[in-house]
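Naming convention: chains lettered A, B, ... in sequence-line order (proteins, then strands); numbering from 1 in each chain. Quantities reported herein were computed from a predicted structural model and do not represent experimental measurements.
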There are 2 protein chains.
Amino acid sequence: MVLSKACTYGILASLYITRETNKKTGYVSIGRMSKELHISFHFLTKILQELTSAGLLTSMKGPKGGVALKQDAKDITLLDIVIAIDGMELFSECLLGLPGCGNEEPCAVHNEWGGIREQLYQTFRSKTLATTTQQIDEQNLRFALPELLDS
Amino acid sequence: MVLSKACTYGILASLYITRETNKKTGYVSIGRMSKELHISFHFLTKILQELTSAGLLTSMKGPKGGVALKQDAKDITLLDIVIAIDGMELFSECLLGLPGCGNEEPCAVHNEWGGIREQLYQTFRSKTLATTTQQIDEQNLRFALPELLDS
DNA sequence: TTTTTCTAAGACCGGATTGTCTTAAATTAA
DNA sequence: TTAATTTAAGACAATCCGGTCTTAGAAAAA
Ligand code: FES
Ligand code: FES
């Protein structure tokens, strides 16, 4: 898996928060969010805490509490979220697992991987929460896990 | 990590076997290989068994035994090795972890990820053990883990 | 003030991956 | 035939990740 599950959940949750913020002001309840995205409440809470301590979200306890974007949606990129949860490794590591990926000691796939990795980086960097939620609305894109039906 | 550690070891080992085969004929000792690549002998053995049962390698027990390529080095691609160990998931999964990646129900990064994923696929597919070892020799590329120095 | 509704924090468990070890079996060499 | 060398197979431990649960603490509502 390219991104950890925690990271994908963090992205989906951030998009959800952005969309809710567009509708009404105030904090978004984690409980409600976990139900609508079909993500475990406690697990989601842990992930959002990471985003909060990374300075991307703010939180408020108590009734009417929840989480909210700390910055404007157009100033937070998907890259910010990826880095906050998974770190920078994806964008600096050798595809063959050799230590110290770089042009000094390239491995057999370094040339190709360097370019691909850069595209991945620019993709995340160019997508802000604002532009991405706009695309979701305009093109009816998916941004939530499906309801899991117990057999 | 994009590829599992087992998968990167499998690629490095396959390249090693190919290079040794170019020098002399016969089987390549796993014990010697594990020493030169600095990969745990038993772990490497397990990985090579997977490649053997996938039909990419053959093995022989006893003195003068070891592993050898089952097919010609120009007929085995890095993609064959990746698929044998990690499977096809990398090349079909949604970057945001949503089930059923496809054009019918795209997520917010599907367009970009689709192209990037395809480049990754074609990179592995276009590199055979023969062409890759040739590049390694011509360009002095890395293909082994560094010796780990115990502090 | 008291209760209710929330997030914060962290202990805890299960499964997958990584890595080690032991034993068995096959082949060669003495 | 016997001993040495090598892979095969699988048990086993350690670590990480995903996920659950419990308790604490803050804020609002009653
Ligand atoms: S050294 Fe391997 S990808 Fe850069
Ligand atoms: S649906 Fe997400 S990458 Fe294809």
Using atom names, set out every protein N or O paired with an N or O of nucleotides 24-30 of chain C below 3.5 Å, distance rounded to 0.1 Å.
none

Atom pair distance, as rounded to whole Å: [atom1] in [X] and [atom2] in [N]:
{"X": "B:I85", "N": "C:dA16", "atom1": "CD1", "atom2": "P", "result": "19 Å"}
{"X": "B:E50", "N": "D:dT7", "atom1": "CD", "atom2": "C1'", "result": "15 Å"}
{"X": "A:K35", "N": "C:dT5", "atom1": "NZ", "atom2": "P", "result": "12 Å"}
{"X": "A:L3", "N": "D:dC17", "atom1": "CG", "atom2": "P", "result": "14 Å"}
{"X": "B:L44", "N": "C:dC21", "atom1": "CG", "atom2": "P", "result": "16 Å"}
{"X": "A:D86", "N": "D:dC16", "atom1": "CG", "atom2": "C1'", "result": "13 Å"}
{"X": "A:I47", "N": "D:dC17", "atom1": "CD1", "atom2": "C1'", "result": "11 Å"}
{"X": "A:Y27", "N": "C:dT5", "atom1": "OH", "atom2": "C1'", "result": "15 Å"}

Would you say a side-chain N or O of [X] is under 4.0 Å from OP1 or OP2 of [N]?
{"X": "A:T45", "N": "C:dA9", "answer": "no"}
{"X": "B:S40", "N": "C:dT18", "answer": "no"}
{"X": "A:Y9", "N": "D:dG18", "answer": "no"}

Check: Closer to the 5' end of DNA chain D via nearest nucleotide, is it B:T52 or A:M1?
Finding: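 Going by which nucleotide is closer to the 5' end, it is B:T52.
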
- Task: Look at the side chain of A:H42 and decide which nucleotide, out of D:dT20, D:dT7, D:dA9, has an atom nearest to it.
- Result: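 So the nucleotide nearest the side chain must be D:dT20.
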
Can you check side chain to side chain donor-acceptor pair (under 3.5 Å) on B:Q119 and A:Q119, steps first, answer last?
CA-CA 10 Å; B:Q119 288 178 51; A:Q119 288 177 51; 2.8 Å; yes

Would you mind classifying the nucleic acid contact of B:S4 as base, sugar-phosphate or nothing, using non-hydrogen atoms under 4.0 angstrom?
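Sugar-phosphate only.
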
Any base atoms under 4.0 Å from B:F41, or only sugar-phosphate, or nothing? Heavy atoms, all strands.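 Here B:F41 touches the bases of the nucleic acid.
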
Review point. Does NZ belonging to B:K127 count more than 12 external heavy atoms closer than 6.0 Å?
Key: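 Yes, the 6.0 Å shell around NZ holds more than 12 heavy atoms from other groups.
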
TODO: Using only heavy-atom distances, determine whether the side chains of A:T131 and A:T128 contain a donor-acceptor pair under 3.5 Å.
DONE: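 Yes.
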
Exercise for review: Check step by step if salt bridge (charged side-chain N to carboxylate O under 4.0 Å, His left out) holds for A:E36 and A:R32.
Suggested key: CA-CA 6 Å; A:E36 300 209 3; A:R32 205 174 144 239; 3.2 Å; yes

ask   = Do the side chains of B:V2 and A:E93 get nearer than 4.5 Å, heavy atoms only?
value =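 SC-SC contact between A:E93 and B:V2 confirmed.
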
Exercise for review: Name the residue closer to the 5' end of DNA chain C, choosing between A:Q49 and A:K46 according to the nucleotide with the nearest heavy atom.
Suggested key: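 Checking each residue's closest nucleotide, the 5'-ward one belongs to A:Q49.
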
Q) Under the 3.5 Å rule, do the base of D:dG19 and the side chain of A:K5 count as making a donor-acceptor pair? A)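 Looking at the base of D:dG19, it does not pair with any donor or acceptor on the side chain of A:K5 (distance under 3.5 Å).
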
Worksheet entry | Connected hydrophobic set around B:Y27, excluding itself, where side chains approach under 4.5 Å |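 Under the 4.5 Å side-chain rule, B:Y27 groups with B:M60.
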
Can you see which heavy atom on B:G10 is nearest to which on B:L51, and at what distance?
->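 So the minimum-distance heavy-atom pair works out to O-CD1, 4.1 Å.
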
